[in-house]
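Inspection log for the structure reproduced underneath, given as structure tokens.
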There are 4 protein chains.
Amino acid sequence: MSANNERGGRTFIEEARRAQIIQCAVDVIAESGYARATMAEIGKRAGIAKSVISYHFADKGELMQELVRTAVATYTQFLEPRLAAQPTAAGKICAYVTGSAEYMSTYTNMHLAVLEVAFNGLGPDGRPLTASIPLETHKPTLERILHDGQVSGELRQFDVRVMAGLLRSAVTHTMVMAQRADPDVDLDSYARELATAFALATRDRP
Amino acid sequence: MSANNERGGRTFIEEARRAQIIQCAVDVIAESGYARATMAEIGKRAGIAKSVISYHFADKGELMQELVRTAVATYTQFLEPRLAAQPTAAGKICAYVTGSAEYMSTYTNMHLAVLEVAFNGLGPDGRPLTASIPLETHKPTLERILHDGQVSGELRQFDVRVMAGLLRSAVTHTMVMAQRADPDVDLDSYARELATAFALATRDRP
Amino acid sequence: MSANNERGGRTFIEEARRAQIIQCAVDVIAESGYARATMAEIGKRAGIAKSVISYHFADKGELMQELVRTAVATYTQFLEPRLAAQPTAAGKICAYVTGSAEYMSTYTNMHLAVLEVAFNGLGPDGRPLTASIPLETHKPTLERILHDGQVSGELRQFDVRVMAGLLRSAVTHTMVMAQRADPDVDLDSYARELATAFALATRDRP
Amino acid sequence: MSANNERGGRTFIEEARRAQIIQCAVDVIAESGYARATMAEIGKRAGIAKSVISYHFADKGELMQELVRTAVATYTQFLEPRLAAQPTAAGKICAYVTGSAEYMSTYTNMHLAVLEVAFNGLGPDGRPLTASIPLETHKPTLERILHDGQVSGELRQFDVRVMAGLLRSAVTHTMVMAQRADPDVDLDSYARELATAFALATRDRP
DNA sequence: CATGAATGAGGTTTCATTCAT
DNA sequence: CATGAATGAAACCTCATTCAT
């Protein structure tokens, strides 16, 4: 098994099991919180013994790592074409916000789970991995978009890293909190409101 | 002891111990994360036996509750005069952002700890209390400020709850993440950038 | 495991472990008293880690409950045929006393343990479960026997509940105390003495 | 303090405190059971700090020992004149049963507490002191009464120790259990029923 | 591949006891 | 004499992990 992990060569059936386990972990975490997501609970949800998880993943850490990796990949695949379809910086910003909202509607549990893991999970060093992977993910992309918009004169001069950070937490955090406070919130219109705010905050000519 | 808790009458020396324990809990949580903040660890930090904590707090839950209560009180006392000093809505928004940044600089660990507790801690029902208390705290205040600004014509028409949520997570989340990613970040200028963005996003005449 | 508990379907090997653990608990309790019967002690006696007990029983409460259940079942199976073999009320009373003595000789520790648990154990509500299950067990049976004997004219008119209570504590308590005071007491002749006393106390014609 | 204990010379006020503490221990044990009778609980009931108990009693063991000693003394003082007033063995047996019932009605908590302590408490050697003191107390007295009755020809020939044991547990155990099962039971008539049974079981001429 | 059984470290909490004030 | 504060041992329980089958 560990050999497989190192070589990266995995059976088809094994890949399926890993995917199933990750999905169950996602659901358990999203529904009951990270603290309740014990190996036993995840195994029960998957209908398998908890030792199966240990068989397929070296560690609970590895499972969480893979969970996050999966989520990030899904998110990226979801977002990328929407960003590419927009020629202007303003369009890309809007697409980022509304696309993220759409992603969160589609993959709600996955998004909630990633947030939980990011905040509660511990890295290999034992220190919390707060927002290491997931929030860093689109940072370069966002900064690039904003920077290009400034160069082209479309966007005003602001600190690119600050604005990128604000954008990121607007979608990964603000919307999630809003949804958690009121599960019936309309993410679509919520995203449009945010998009407008960002358009005003970033455009060049006031 | 529980009698004390119920009556609310506490010795001076007891109040001091409670404060000390809370402070140590804050430091441990901020530095090592919630998961590492065991009673033993907090006790070790305070130089006392872990049972002393049980002596002064009924529960680990009560300790965390008091920690959050303390932090919220401190934050409120810090922010309120700064908001009151500003007559205009724009001024209050700016004060909210910069004041929060200043608070975070002054009480860094306390703020980090509250975030950790909010995300990782479990309520009495066993369910995570994700950001229940701390983030809800200033929600009415913010919404009131924004609403009044719209009524007076100073601010444009936007969804008050969305903008309030964005403001809130900008200070409680965006800045924290930025600081965590790069501890040397200048919160002051970071806050000014944010304040500008919000000024543009909320003012009435574009 | 809890799944097993709920479904009631248990492996053969698991049933064996449970029986072993219960037996060890019985021995520890009988020899050292309830207060000394910690999980660690029971585990040590069984040659297993204490967590194994937690694996097989949800709770210490469940362990004690199962212990009592086992003892009561054993006792009933032991006594029932002896009672059924006697046609007369006097015969049944004698069989009850002597049969119980025989049971106590055969399952000494088990009987001692049940007494300890009955007196020291706490129910789920935290209140002592003094003699709830074990002593109530044969109450209806005894009262029925005595009542039938009165109806048939074989026994005199007395308060059935008082006499049943006396009978019950004569076997569950008097004999135990006697044995505890002097471990070499001859339970057989002790029982015969008791049987005679009850025959005289209950028969119709003086 | 320990000097006082050893010398046996105690202040008046000290004696009063000890009596008060013992009484509170009795009440707590009778009402909540031995397991709930912690030093803190007893102290709370007495309105004093738990360390006061440690000041007046060397040990929790000593407290329990004194509690039992007090109860036994009270019981003896209560019973002795009633026994002495009866010239015949049958009269003494009846007086023992009914007198004990009366005692239990008068000092209910004390009696319940002694039973709890007898069954749950641990002796200095760490072994349970199950009924060592209290049940042994009147054993010689009872046996003497029965023996004398046999010698005088008033009582039939039975094993004195068995009958004494039965009498003892009839009052210390049977009645208590009856009262515990149904707090409204009439101990007086209960005792009369028992007295009749023992009269029939012990008299010489059938 | 999968499982049930077992483990041991570690967490929270309780409690009798001690001690300076 | 009495108190509040502190202690440390010990109890129960949880959980990630390992292993023989």
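A, B, ... follow the sequence lines: proteins, then strands. Residue 1 opens every chain. Fair warning: this is a prediction, and the values are worked out from it, not measured in the lab.
OP1 or OP2 of E:dA2 has at least one side-chain nitrogen or oxygen of A:Arg17 nearer than 4.0 Å.
For D:His56, the listed nucleotide lying nearest its side chain is F:dA2; candidates were F:dA2, F:dA5, F:dT17. With distances taken from any side-chain atom of C:Asp59 to the nucleotides F:dC13, F:dT18, F:dA16, the minimum falls on F:dC13. Checking F:dA5, F:dG8, F:dA16 against every side-chain atom of B:Ile13, the shortest atom distance belongs to F:dA5. Listed candidates were E:dA5, F:dG8, E:dG8. Nearest to the side chain of C:Thr11 is E:dA5. Taking every side-chain heavy atom of C:Lys60 into account, F:dC12 is the closest of F:dC12, E:dG4, F:dG4. Closest approach to the C:Met39 side chain among F:dC13, E:dA6, E:dT12 is made by F:dC13 (side chain taken as heavy atoms from C-beta onward). Between F:dA2, F:dC13, F:dC1, one nucleotide has an atom nearer to the side chain of C:Ser54 than all others, and that is F:dC13.
The shortest side-chain heavy-atom distance between D:Ile21 and D:Phe57 falls under the 4.5 Å cut-off. In this structure, C:Gln65 and C:Val117 have side chains that are not in contact, with every pair of non-hydrogen atoms separated by 4.5 Å or more. Taking the side chain as every heavy atom from C-beta outward, A:Lys60 and A:Ile53 never approach each other to under 4.5 Å. At least one side-chain heavy atom of D:Leu67 sits under 4.5 Å from a side-chain heavy atom of D:Ile29.
Here B:Arg69 pairs with B:Glu66 in a salt bridge; the nearest charged N to carboxylate O distance falls below 4.0 Å.
What separates OH of B:Tyr55 from C1' of E:dT18 is a distance of 13 Å, to the nearest Å. When the P atom of E:dT12 is taken as reference, atom CD of B:Glu41 falls 11 Å away, rounded to whole Å. For D:Glu62 and E:dA16, the CD to P distance is 15 Å, given to the nearest whole Å. Nucleotide F:dC15 holds its P atom 11 Å from the NZ atom of A:Lys44, rounded to whole Å. Whole-Å rounding puts the A:Arg36 CZ to F:dA16 C1' distance at 18 Å. Rounding to whole angstrom units, CZ of residue C:Phe57 and P of F:dC12 are separated by 14 Å. In this structure, the CD1 atom of C:Ile53 is 14 Å from the P atom of F:dT14, given to the nearest Å. With rounding to whole Å, A:Lys50 atom NZ is found 16 Å from F:dC19 atom P.
Here the closest heavy-atom approach between residue D:Arg36 and residue D:Val28 is recorded as O-CG1, 4.4 Å.
With DNA chain E read from its 5' end, the first of the two nearest nucleotides for C:Gly47 and B:Ala40 is the one closest to C:Gly47.
Nucleotide F:dA10 has E:dT13 as its partner under the Watson-Crick or G-U criteria, with both atom distances under 3.5 Å. When both pairing distances are held under 3.5 Å, E:dT21 makes a Watson-Crick or G-U pair with F:dA2.
Within the 4.0 angstrom heavy-atom criterion, base atoms lie near D:Ser51. Using a 4.0 Å heavy-atom criterion, one finds that A:Ile48 contacts the sugar-phosphate atoms exclusively.
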